[in-house]
Amino acid sequence: MAVQQPLTMSQKSRGIPDRAGYAEGSLTDWTVLARLYRPSEWLLILFFTYTAFLAVSFNLPPARRAAALAIPVLLCVLGYLESFSSRRATIVRDWVPVGMVLIAYWELAWFQSRHHLVALERHWLTWDHTLLISWGFRAVIESLGGLIPSVLEITYTLLYAIPPLSIGVLYLYGRRDRVETFLFPFLLGTFIAYGLLPHFPTASPRVEFANTDLPLIVTIWRRLNLWILQHGDIDTGVFPSGHVTVAFSAAFAMMRALPEKPWLGRVLLGMAVSILTATIYGRYHYAADGLAGLLLSITAIWVAGVLRRD
């Protein structure tokens, strides 16, 4: 029988388990394979495997089915190869999930449905009208002119910078070892929300009910956001809100990853509340979309806590 060679220090530093000492015939090989990937990378693989199955159930053209299947396969291959690579490759693995979030969102554009849940949208619209008009929510926001609407729209725009900036902050404070602590709950909440979107074919209230309860103050920041949405958004669905889920998931994940700097989590939480408010006031989403996103973020951080082993 061949003698199992112990791992070198460089291999151990990359998280590759030492297989020496396992009983023959056990699930050693599966254990080693599982530990080659980070938990956040497993989330990426699982999500894109899910969309590959979704591509079949939605009867997409063969080219798109092949592309959907190629993504998780490529992630598996790259993750395996990089687990044996240099320190530079492990740094790349810290940042790749952030870019894959955007790819995941754009891929959902393939799963648009002609049927919209119009009856459900009308119920949500009634609730929003009560909040915005009957209870004076819109009037309060516009009570200082364009100040509060501008702040809301700016934070809505800044959402796209939150994930990479969060990773950068961990590097800045010398806590790169906690990047995975941030990424897992962040990706878990985000991908649960993304996974639900194709099953709730709804349209943004600013599109479905174009002249209803819109902001009375149109700032330059709102025009910018409308332009971004026109050129980079998808029409698959708006329930739950991806924007809100990303924002709150990032805030909760930062609180967990860097508890010694509580102000960072609080700043992100404040931005998340502002983004939630902006989605309702700007009619980008129904209030139900945002509340669902918040609940998913809470669920994700709770699951991350249950799975925590440190």
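What you see is a predicted model, and the numbers here were worked out from it, not measured in a lab.
Residue-environment remark: OH (Y173) exceeds the threshold of 12 foreign heavy atoms within 6.0 Å.
Rounding to the nearest 0.5 Å gives a distance of 11.5 Å between OG1 of T279 and CG of N225. With rounding to the nearest 0.5 angstrom, the CG atom of L196 is 13.5 Å from the CZ atom of F191. With values rounded to the nearest 0.5 angstrom, L74 atom CG is found 10.5 Å from F48 atom CZ. From D94, atom CG reaches atom CG of L170 across 9.5 Å, with rounding to the nearest 0.5 Å. Going from atom OG1 of T126 over to atom CD of E121 covers 12.0 Å, rounded to the nearest 0.5 Å. Here the CG atom belonging to D289 is positioned 9.0 Å from the CD1 atom belonging to I280, to the nearest 0.5 angstrom.
Without hydrogens or angle criteria, S274 side chain to G270 main chain gives no donor-acceptor distance under 3.5 Å. Judged by distance alone, the side chain of E142 and the main-chain N or O of L216 form a donor-acceptor pair under 3.5 Å. Distance alone, capped at 3.5 Å, is enough to place a donor-acceptor pair between the T202 side chain and the F200 backbone. A donor-acceptor distance shorter than 3.5 angstrom exists from the side chain of W106 to the backbone of G232, with no hydrogens or angles considered.
Across all non-hydrogen atoms, the minimal contact from G237 to L197 is O-CD2, 3.5 Å. Scanning all heavy atoms of the two residues, the minimum distance from P97 to L187 falls at CB-CD1, 3.9 Å. Smallest separation of non-hydrogen atoms from P185 and A304: CB-CB, 3.8 Å. In terms of heavy-atom proximity, P262 sits nearest to P259 at CD-O, 3.5 Å.
Side-chain polar atoms of E208 and Y286 form no donor-acceptor pair below 3.5 angstrom. A donor atom on one side chain and an acceptor atom on the other are found under 3.5 Å apart for S40 and E180. Using modelled atom types, one finds a donor on one side chain and an acceptor on the other under 3.5 Å when comparing Y284 with R222.
Annotation: side chain to side chain donor-acceptor pair (under 3.5 Å) contacts involving residues 48-63, sequence neighbours excluded, comprise Y50-H199, T51-E107, N59-R65. Applying the ring-ring contact (aromatic ring centres under 6.0 Å, His included) test to residues at least two apart or on different chains, the pairs with a partner in residues 208-227 are W227-H231.
Using bins of under 30°, 30° to 60° and over 60° for the plane-to-plane angle, the ring pair F186/F182 lands in the parallel bin.
Ring centroids of Y156 and H243 are separated by less than 6.0 Å, placing the two rings close together. Checked against the 6.0 Å centroid criterion, the rings of F239 and W124 qualify as a close aromatic pair. In this structure, the ring of W95 has its center less than 6.0 angstrom from the ring center of Y171.
Within the 4.5 Å cutoff, no side-chain heavy atoms of T155 are placed close to those of V273. Inter-residue side-chain proximity for I220 and L224 is flagged as unmet; no heavy-atom pair is nearer than 4.5 Å. The closest side-chain heavy-atom distance from F47 to Y194 is below 4.5 Å. Side-chain atoms of Y281 and I148, non-hydrogen and from C-beta on, never get closer than 4.5 Å to each other.
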Notebook entry, point to check: Stepwise, does the side chain to side chain contact (heavy atoms under 4.5 Å, CB included) test hold for R283 with L125?
Noted result: CA-CA 10 Å; R283 310 312 293 136; L125 182 70; 3.9 Å; yes
Margin query: Please evaluate residues M271 and L158 with respect to the criterion side chain to side chain contact (heavy atoms under 4.5 Å, CB included), reporting the C-alpha separation (whole Å), side-chain torsions for both, the decisive distance (0.1 Å), and the verdict.
Written below: CA-CA 9 Å; M271 292 185 66; L158 290 176; 3.8 Å; yes
Check: Taking it one step at a time, do I275 and I162 satisfy side chain to side chain contact (heavy atoms under 4.5 Å, CB included)?
Finding: CA-CA 12 Å; I275 289 168; I162 287 177; 4.3 Å; yes
Item checked: Check against side chain to side chain contact (heavy atoms under 4.5 Å, CB included), V246 and Y160 -> CA-CA 9 Å; V246 167; Y160 307 102; over 6 Å; no
I'd like a table of donor-acceptor pairs (distance under 3.5 Å, sequence neighbours excluded) in which one partner is a side-chain atom from residues 291-301, with atom names and distances.
residue	atom	partner	partner atom	Å
S297	OG	T245	O	3.1
S297	OG	S249	N	3.4
S297	OG	S249	OG	3.0
S297	OG	G293	O	3.0
T299	OG1	L295	O	2.9

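The same ILVMFWY cluster, assembled from side-chain heavy atoms under 4.5 Å apart, contains both I71 and I45. Hydrophobic clustering, with ILVMFWY side chains joined whenever heavy atoms are under 4.5 angstrom apart, groups V98 together with M254. Under the 4.5 Å side-chain heavy-atom criterion for ILVMFWY residues, no single connected hydrophobic cluster contains both V244 and V101. Connection of I141 to W127 is not established within any shared hydrophobic cluster, with ILVMFWY side chains joined at heavy-atom distances below 4.5 Å, either directly or through further cluster members. In the hydrophobic clustering of this structure, V218 does not group with V207; members are Ile, Leu, Val, Met, Phe, Trp, Tyr whose side-chain heavy atoms approach within less than 4.5 Å, directly or through other members.
Every residue two or more places apart in sequence or in another chain that forms a side-chain contact (heavy atoms from CB on, under 4.5 Å) with D233 is listed here: Y105, R206, L229. Scanning for salt bridge (charged side-chain N to carboxylate O under 4.0 Å, His left out) contacts around R175 gives D177, with sequence neighbours left out. Judged as a side-chain contact (heavy atoms from CB on, under 4.5 Å), and not counting sequence neighbours, the contacts of I133 are H129, R138, D213.
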